[in-house]
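I have placed the structure first, in the form of structure tokens, so that the comments after it can refer back to it.
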Amino acid sequence: MAHFEALYGRQCCSPIGWIEMGEDKLLGTDLVRDALEKVKMIQDRLCTTQSRQKIYRDRKVHNAAFMVRERVFLWVSPMKGVMRFEKKGKLSPRYIRPIQVLERIDEVSYKLALPPSLSAVHRVFHVSMLQKYYGDPSHF
């Protein structure tokens, strides 16, 4: 008795074609046909999985476009103990106050009018770091 059979109580499956050991009836074209059917089944399952993942991804994607002189929030990545844009700590705000868009560089990058306190920061940001500001202009 093989070790696998003693441990699991059944015969080991061959990694080639997923057939049982000692099974001699699959020969020639039957073996090829069976392998092609299994490949087709795997391709169908991969296609199903990819379409499901595309649906999940499409739910999160939003195409944002901002106009010049429009106000946006700037997202900052919180890192514990690291000073980012005058904010420190894990519980610091995720977005910096509304900032005006100066120029649209291309489809996904915008130049912002940063305050003097952030003069050391580059003024061009990716659209994923910006959030549309809905609010009253008197908040400034």
Roughly how far, to the nearest 0.5 Å, is CD1 of I42 from SG of C47?
14.0 Å

M129 and L112: same hydrophobic cluster, using ILVMFWY side-chain contacts below 4.5 Å?
yes

Residues passing the ring-ring contact (aromatic ring centres under 6.0 Å, His included) test with Y56, sequence neighbours excluded, are none

Step by step, would you call Q100 with E70 a side chain to side chain contact (heavy atoms under 4.5 Å, CB included)?
CA-CA 6 Å; Q100 187 176 16; E70 188 175 1; over 6 Å; no

Heavy atoms of I99 and A113 approach each other most closely as CG2-O, 3.2 Å

Do V124 and Y110 have side-chain heavy atoms sitting under 4.5 Å apart?
no

Side-chain heavy atoms under 4.5 angstrom apart, residues restricted to Ile, Leu, Val, Met, Phe, Trp, Tyr: same cluster for L102 and Y133?
no

Starting at CD of Q43, measure out to CG of L36 and round the result to the nearest 0.5 Å.
9.5 Å

Contact check, side chains of L74 and L130, non-hydrogen atoms, under 4.5 Å:
yes

If every non-hydrogen atom of E107 is compared with every non-hydrogen atom of R104, which pair is closest and at what distance?
CA-NH2, 3.4 Å

Spatial distance of atom NZ (K54) from atom CZ (R59) [nearest 0.5 Å]
12.0 Å

Any idea which heavy atoms bring H122 and L114 closest together, and the distance?
O-CD1, 3.8 Å

Where the side chain of S109 meets the backbone of I105, is there a donor-acceptor pair that is under 3.5 Å apart?
no

Could you tell me whether the side chain of E37 and the main chain of D34 form a donor-acceptor pair under 3.5 Å?
no

Roughly how far, to the nearest 0.5 Å, is the NZ atom of K132 from the CE atom of M67?
9.0 Å

Do V101 and F66 come close enough that some side-chain heavy atom pair is under 4.5 Å?
yes

